[in-house]
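Okay, so here's the structure we're looking at.
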Amino acid sequence: MLIGFLINPIAGMGGRVGLKGTDGVVEEAILRGAQPVSEGKARQALRQLRHALEAGARSSDIRWLTCSGAMGEGALRATGFEDIAVVHEAVETPTAEDTRRATAAFVNAGVDLIVFCGGDGTARDIAQIAGDQVPIVGIPSGVKMYSGVYGVSAERTGEIIAQFVAGGLDCPIVDILDLDEERYRKGEWAVRLVDSARTPYQPTCTQSSKALITEHADEAFKADIAEYLDEEIRSHRTTLFVLGPGSTVKAIAERLGIVKTLLGIDALLEGAAAGADLNENALLKLLDIYPVAQLILSPIGAQGFVLGRGNLQLSPAVVRQIGIDHLTVVATPAKLKRTPVLRFDTGDLELDARLADRRFLPVITGYRRRRLVPIST
Amino acid sequence: MSFTTHTKDERRAMLDAIGVASAEALFDDIPLHARFPDLELPPAISDIELERTFRRLSQRNVTLDDGPSFLGAGCYRHFIPATVDYVLQRGEFYTSYTPYQPELSQGMLQAMFEYQSMICRLTGMEVSNASHYDGATSLAEAALLALDEAGKNRSRILISPAVHPHYRDVVATYLSGTQASLIGPEDTTLSAADLVGKVCEETAALVIQTPNFFGYLEDLNGIAEKVHARGALLIVLVDPIMLGLFQPPGSYGADIVVADGQSLGIAPSFGGPSVGIFATRRAYIRRLVGRLVGKTTDVEGQRGYVLTLATREQHIRRAKATSNICTNSALGALAAATYLATLGRQGLRQVAELCYHKSHYAAVRIAALPRCSVNPVTPDRPFFKEFSVELPLPAAEVNQALQKEFGIIGGYDLGRSYPAMTNRLLIAATEMNPREEIDRLVEALEQITASRAVR
Amino acid sequence: MSEPTLYELSATGRKAVSLPECDVKLATIPEHLIRADNGLPELTEQQIVRHYLRLSQRNFGVDCGFYPLGSCTMKHNPKTSEQTARLPGFAQIHPFQDEAIVQGALQLMFELQEQLKEIGGFEAVSLQPTAGAQGELTALLMIRAYHAARGEGHRNEILIPDSAHGTNPASATMAGYIAVEVPSDGRGNVDLDAVRAACSGRLAGIMLTNPNTLGLFEERVEELVGLVRESGGVVYGDGANMNALTAIARPGDLGIDLMHFNLHKTFATPHGGGGPGSGPLGASSQLAPYLPSPIVERLPEDKKGSVEYTLTCPSHSIGRMSSFHGSFGMFVRAYSYLRRLGAPGLRAAAIDAVLNSNYLRVRLRDDYPVPFDRTCMHEFVCEGQPKGSEVRAIDVSKRLMDFGFHPPTNYFPLTVREALMIEPTENECKATLDAFVEAMRAIAKEAREEPGRLREAPSATPVRRLDEVRAARELTVCEPTLRT
């Protein structure tokens, strides 16, 4: 098995010194006394991987492609891996461009998996090159990690890699999110959905009967949600369905046989596309013609924004026009696990208050399944 | 009687460790008005009284061993070899739980794997689960699988009217929560070939029982092809004993085979517990609900067994139907496995032959009685183990006379399930009925019908 | 060393039974219907006995040792119950025998119904369901029929707390309902604000496990029940955890409309390696007419002839749930248990079940954090990652096997990370509990000092950790066919 491995040596450095990210502020971080953290995290994960490979009585047959020195080779050698080829020479202070070049070299060599150590910035740079083709998995080491590609800890990520090597994991598509760090450092939440990628999914432990750990892939839950909403959409022929961004909502459109933009707002009528990548004006025009409408959205993972992040086209006017009782929220159980509360920030305080007034929102999590999730007030 | 284990001192030490004054204080969360109710239950009895009470109660029942019995209709008296109870009484098996921890459950897991293997061969199918509750619930699960497989536009299960009436009831109850429906004509003489003509674009599956409730062996050659050509699945409900001798459903293209496994080493026990057999094609392995045991190895390369494809159990994606299966009937499956291993290749065939010959002997003799006719509508259809007799008076009366005057437990009064058949009796004969018992039944029927026949 | 399979032991021509020669005239068997080979193995009786004896030695039951599998109530299965169930008068009777000649069986069923009614505080009980999960489904189908009969068939939402058994949402979907998961609050109770938010004209009912799967009694159960009932919903209680409440509190008194009993948990019938179970269902007066049929009725003095107990169908019954009358063999065992204990014995058992569980909770919590650390009922949930260690609950479980204990339930409920759910039952004596505590503490120490030992455990079992991924990938689920 061929695995591409890279470390973003500066990832996570901003966090300890209160910088909320390290993009473009490496020098300042170092000045403030930040120490590299990612090499250590990477070693933890790799040690766990070695351990799991040995415990599983499987001979380690991983061939590594990596970058020189602190961008990968060092950690691999330090943890006892030997079959290593360096495909990218790292500079002392690598940039996003180094990540992208290394990824391109991995993809060209036909790797089965890309393992990286970093945060959302690194994930974004890799996903941009790897697309939906090569699965990626992140050893969590960044300041912010909202994307769905990380293990819950460095050690657990090592286990995921081991299971992937053993052939036991599916690779569903997940969202890649990133903060606008410039705004974030000013204390503003500004997470955006930037891309999607495949990742080996170590299933969350879902409960089957009683004593069993059972697993269910995220992708399967998306399919369940899609199947359920497919029925709902088909049984409301005259309703205009407005579909928000993200892969969960996209899966619904795909089930209906419709191509949906990942990041845009699209509309459906009578099971057919009625508009793609709509802006506020276009939405308001459509709603004039089709006043009976339903809005389908998925919250942004972890921080839980349903409205006001990544879907500004859905302005207060649009939401009022659709009606706050015509809001359908969907999310996979794994996403909800990371998302304890839902938030509304439309910029219209009165509207936000009305949306939050119900205190709990039923979120569709599967076929005829919902979960009541508290709304932040 | 209380079976407390702790001494007074131990109890005190435990309460102190917890930090409460009394054990009663542990229940403070319960609303006061509902706490510690006075229950009106009969007083506890000693073990000696218990033995006596239960023996007496049990003696108020006439057992199938007390005299000749010809009752079948889905629950049969067959020979149970001594090995079965020997195995069932092993505490390591019957006091264990579902084998979630495989390292401590290899015995049960291997036994289930062997059960699955024998059921596959017996039915001619590729996959068997580790059992359902009983035959009726196996059939209901088969219907749900077919609905799942068939997709949205096919929401009907077409069922032969000659399928066991209780099974039809159970399937109907199971489907009452779904948008699917159970349909079937009322004419019990329709053959499988007649029913195939009713399979349409809304049908998810056709359900046929063979031998059917009346004992007839259905001619199923070529049926599966026709059902498949119309886009539906063929579900076949069988008597597992028959499979010792006759062609298995796998050989004529069945998609799902279900059966009640009570005949395989389980006492009738007033109808339960039993074990539900469920086998299907490999193509449906991920839609199969219930436990499934797979072979694997441990970290040292030793052979071992685990529950596999656990994901299917309750997260199985089903639009119109789902399954909540948690337990199976592991102990019943263990009994069936021990039975099949003990009877073996020749033994099961021999039991099937004995059932065939004895039921035919009884049928021929009863048919010769002046006022009785056997399998009256279609006398030439082949049957197995059971047949029906048209009497000149209500079957209920005949059964009563058989019991009271001759000490014989008669057949099943078909009028209980089919109002037009009040004079018809369903009679089963197995390897447990020596010729002499059958002769006694024939004589008794002759006398009863001669003396009480209505004009 | 592994045990060969039946097929590996088989050789052509071996026999283990002797069957009679056919004593009647042979009939003609249609040639084309006969199969050449039925595919069964051929062994001697001794081979079979040794095979299953060896298999039994590779299995662990309550009879072998401590089995604190939470939520499963692995209590002792009295041998008297096994004896009574094997009496010919119970084992050798047919479900279609004339009622007049099975009065003993019907009386037993009737009296079991009566006792369960009294214990649960219900108007009626049906013994039909053959397992707990089937009891759940039955209850939901009854709720459906109940609302439909009142012209409220549009009610289509069932509330299910997030700590519920996994079977609950599956049963709800199976009954055509939308399952709405309700979060727990900071004390491990159902979040009442969430329930309030969910109460509407679409609410069909709630599935409530009380004590819940954290082993905690719902502190505001009556308020919760009131909310659901006021908005027209039905309250179904999952009786899986009844072992804490038998003769302590009656669910019917707390406002529960429907509840299934698990005879294989609360009333000591064996689990049988995963069944057969039995899940009788109790109902309040409003729901009783919808119970599955049949139920046993006692005829009044003036109407009884040769028949005193008779099978009847409730007026609005949803129908039948199993082939015949339910798991009768289990009724005999459960009824033996009830007669042996009586009300004081049942209460003493529940008290000791709760005492034992609280004792283990306080003795283990320093090493294994208990997230909702308040008085528990018959079971409790702790984190299976010992303080100061990196091992997982599964590693602790596997290591426990080397100490001769069956592990607790792992990773359930999902609301607790690395959950271990421990249910000691009332049968275990203090010495056993203390030995278990010592083992758990030793494992916690190992987890901190030499975690590798845990990750490699078990080593004292017939097989080591098994490759489940391989099993799922290869899917070898039966022996390869030898002959065609």
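As the structure is a computational prediction, the values presented were derived from the model and not from experiment. Order of the sequence lines fixes the chain letters, A, B, ..., with proteins taken first and strands second; residue numbering starts at 1 for each chain.
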State, to 0.1 Å, how close C:Leu466 and B:Tyr305 come at their nearest heavy-atom pair, and which atoms those are.
CD1-O, 3.8 Å
Distance from C:Gln83 atom CD to B:Arg55 atom CZ, nearest 0.5 Å?
11.0 Å
Give the minimum heavy-atom separation between C:Leu33 and B:Leu217, together with the two atoms involved.
CD1-CD1, 4.1 Å
May I ask you to decide if B:Glu40's main-chain N or O and C:Glu118's side chain share a donor-acceptor pair within less than 3.5 Å?
yes
Would a distance-only check, ignoring hydrogens and angles, find a side-chain to backbone donor-acceptor pair under 3.5 Å from C:Arg347 to B:Pro37?
yes
Is chain C contacted by the side chain of B:Phe270, its backbone, both, or neither, given a heavy-atom distance below 4.5 Å?
both
With no hydrogens and no angle check, do the side chains of B:Gln346 and C:Glu42 hold a donor and an acceptor under 3.5 Å apart?
yes
Going from CG on C:Leu245 to CD1 on B:Ile30, what distance comes out if it is rounded to the nearest 0.5 angstrom?
5.5 Å
Which heavy atom of C:Pro30 sits nearest a heavy atom of B:Pro382, and at what distance?
CG-CB, 4.3 Å
With B:Glu92 as reference, evaluate C:Val62, C:Asn59, C:Asp63 under the side-chain contact (heavy atoms from CB on, under 4.5 Å) test and give the passing residue.
C:Asn59
Out of B:His33, B:Glu24, B:Glu431, which one racks up the most heavy-atom pairs below 4.5 Å with chain C?
B:His33
Contacts of C:Tyr359 meeting ring pair (Phe, Tyr, Trp, His ring centres under 6.0 Å) (sequence neighbours excluded), chain-then-number -> none
When the 4.5 angstrom heavy-atom criterion is applied to B:Pro43 and chain C, the contacting part is backbone
I need the B:Glu114 CD to C:Glu479 CD distance, nearest 0.5 Å.
7.0 Å
Any donor-acceptor pair under 3.5 Å from C:Gln97 side chain to B:Val62 backbone:
yes
What's the spacing between B:Arg90 CZ and C:Leu53 CG if we round to 0.5 Å?
4.5 Å
4.5 Å side-chain heavy-atom contact, C:Arg86 and B:Asp85
yes
With a 4.5 Å cut-off on side-chain heavy atoms, are C:Leu87 and B:Gln59 touching?
no
For the side chain of C:Arg470 and the backbone of B:Asp298, is there at least one donor-acceptor N/O pair under 3.5 Å apart?
no
Quick check against the 3.5 Å criterion: does C:Asp467 have a side-chain atom that pairs as donor or acceptor with the backbone of B:Thr297?
no
Determine the interplanar angle of the C:His271 and B:Tyr97 rings, folded into 0 to 90°, and report it as parallel if under 30°, tilted if 30 to 60°, perpendicular if over 60°.
perpendicular
From the list C:Glu136, C:Gln134, C:Arg363, the residue making the most non-hydrogen contacts under 4.5 Å with chain B is C:Gln134
With the side chain counted from C-beta on, respond yes when C:Asp23 and B:Tyr361 share a heavy-atom pair under 4.5 Å apart, and no when they do not.
no
At a 4.5 Å cut-off on heavy atoms, which part of C:Asn427 comes close to chain B: side chain, backbone, both, or neither?
backbone
Portion of B:Tyr412 that has a non-hydrogen atom of chain C nearer than 4.5 angstrom
side chain
Under 6.0 Å from the ring centre and within 45 degrees of the ring axis: does the NZ or CZ of C:Arg339 meet both conditions for the six-membered ring of B:Phe54?
no
Per-residue contact mode, C:Tyr52 against chain B (heavy atom under 4.5 angstrom)
both
Partners of C:Asn358 by side-chain hydrogen bond (donor to acceptor under 3.5 Å, both in side chains), sequence neighbours excluded?
C:Arg361
Using a 4.5 Å cut-off on heavy atoms from C-beta on, say whether the side chain of B:Lys295 contacts that of C:Glu474.
no
Most heavy-atom pairs under 4.5 angstrom with chain B, which of C:Met321, C:Met377, C:Glu219?
C:Met321
Structural part of C:Arg465 lying under 4.5 Å from a heavy atom of chain B
both
With a 4.5 angstrom heavy-atom cut-off, could you sort out which part of B:Phe246 is near chain C: side chain, backbone, both or neither?
both
Within the 4.5 Å heavy-atom criterion, are C:Lys25 and B:His357 side-chain neighbours or not?
no
By a 4.5 Å heavy-atom criterion (distance strictly below it), what part of B:Thr342 contacts chain C: side chain, backbone, both, or neither?
both
Looking only at atom types and distance, does a side-chain atom of C:Asn38 sit under 3.5 Å from a main-chain N or O of B:Leu122, one as donor and one as acceptor?
no
B:Ser176 portion near chain C, given a 4.5 angstrom heavy-atom threshold
both
Please determine, among C:Asp253, C:Leu137, C:Leu216, C:Asp98, the option with the most heavy-atom pairs under 4.5 Å with chain B.
C:Leu137
Using a distance-only test with no angle check, is there a side-chain donor-acceptor pair under 3.5 angstrom linking C:Gln107 and B:Arg60?
yes
Region of B:Ser251 that comes under 4.5 Å of a non-hydrogen atom in chain C
neither
Mind checking whether B:Thr98 and C:Cys72 have side chains closer than 4.5 Å, heavy atoms only?
no
If we ignore hydrogens and angles and just use 3.5 Å, is the side chain of B:Thr173 paired with the main-chain N or O of C:Arg320 as donor and acceptor?
yes
Do C:Ser323 and B:Tyr167 make a side-chain contact, defined as non-hydrogen atoms from C-beta onward lying under 4.5 Å apart?
yes
Is B:Arg345 close to C:Asp37 at the side-chain level, that is, under 4.5 Å between some pair of heavy atoms?
yes
Note: vs chain B, highest number of non-hydrogen pairs under 4.5 angstrom among C:Ser397, C:Gly121, C:Ala105, C:Gly319 is C:Ala105
State, without any angle test, whether B:Asp47 and C:Thr80 hold a side-chain donor-acceptor pair at a distance under 3.5 Å.
no
Which one wins on heavy-atom pair count under 4.5 Å against chain B: C:Ala145, C:Ser336, C:Gly176, C:Ser278?
C:Ser336
I'd like to know which of C:Ser327, C:Cys22, C:Ala472, C:Pro462 tops the heavy-atom pair count under 4.5 Å against chain B.
C:Ser327
Structural part of C:His406 lying under 4.5 Å from a heavy atom of chain B:
both
